[in-house]
Amino acid sequence: MSEYESMADRDEALELSRAAPHYAWVLTDRDVWHRNPFYHGPEMPHPEDDGAHDFIADHGIDAWREATEAARAAAIAAAEAKAREIADAPDPWWPDDPTP
């Protein structure tokens with residue numbers, strides 16, 4: 001998909017999302033699922049995620065939501081730790097000692 005097709009796809013997804021804020025996911029004409037930024041209901045699995053649907057069938061939607069929330073929290077914590085590590089690292093291009 002070219003850059004312009006991707007932009008058009010995202011624009012279409014945004015318009016579909018605005019028109020249907022009660023859906024967690026929207027499907028564009030290019031057969032691509034997009035998370036709806038205007039949806040504010042409970043977390044819903046990706047429509048084509050068979051693993052999530054199997055887990056939900058076995059354990060229930062609340063268990064899936066708890067598991068995904070825990071995974072999301074762990075991913076955010078890891079990203080924040082990496083960002084702190086990068087921010088605290090000395091800059092190799094600008095050493096503290098200006099003398100050669």
Side-chain angles (χ1 to χ4, degrees):
M1 189 181 300
S2 75
E3 179 182 346
Y4 296 111
E5 287 175 318
S6 294
M7 287 173 35
D9 192 57
R10 286 191 300 270
D11 287 344
E12 180 186 2
L14 192 59
E15 291 303 314
L16 290 170
S17 296
R18 279 191 186 113
H22 49 281
Y23 289 112
W25 296 87
V26 294
L27 181 65
T28 63
D29 289 339
R30 290 172 182 81
D31 199 30
V32 177
W33 287 101
H34 295 267
R35 188 179 292 273
N36 186 343
F38 299 101
Y39 174 75
H40 295 291
E43 182 69 26
M44 298 300 292
H46 188 282
E48 295 179 6
D49 186 354
D50 292 335
H53 293 288
D54 292 343
F55 185 89
I56 291 167
D58 292 342
H59 305 287
I61 188 73
D62 290 330
W64 179 84
R65 288 183 179 136
E66 287 176 20
T68 54
E69 194 61 36
R72 179 174 290 126
I76 290 170
E80 288 173 347
K82 184 65 175 173
R84 281 192 300 276
E85 177 184 324
I86 291 170
D88 294 342
D91 189 345
W93 298 106
W94 298 98
D96 291 334
D97 185 7
T99 58

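Side-chain atoms of Asn36 come within 3.5 Å of backbone N or O of Ala20 as a donor-acceptor pair. Glu12 contributes a side-chain N or O that, together with a main-chain N or O of Asp29, makes up a donor-acceptor pair within less than 3.5 Å.
In terms of heavy atoms, Pro45 sits closest to Trp25 at O-NE1, 3.1 Å. Considering all non-hydrogen atoms of both residues, Arg30 and Ala8 come closest at NH2-CB, 3.7 Å. For the residue pair Thr28 and His34, the shortest heavy atom distance occurs at CG2-CD2, 3.5 Å. Of all non-hydrogen atoms in Tyr23 and Tyr39, the two that sit nearest each other are O-CB, 3.4 Å.
The hydrophobic cluster containing Met44 also contains Trp33, counting ILVMFWY residues as joined when their side-chain heavy atoms lie under 4.5 angstrom apart, directly or transitively.
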Worked check of side chain to side chain contact (heavy atoms under 4.5 Å, CB included) between Glu80 and Ile76: CA-CA 6 Å; Glu80 288 173 347; Ile76 290 170; 3.6 Å; yes
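To the nearest 0.5 Å, atom CG of residue Asp9 and atom CD of residue Glu5 are 9.0 Å apart. Distance CD1/Ile61 to CD/Glu66: 11.0 Å, rounded to 0.5 Å.
In this structure the side chain of Ile86 reaches within 4.5 angstrom of the side chain of Lys82, judged on heavy atoms.
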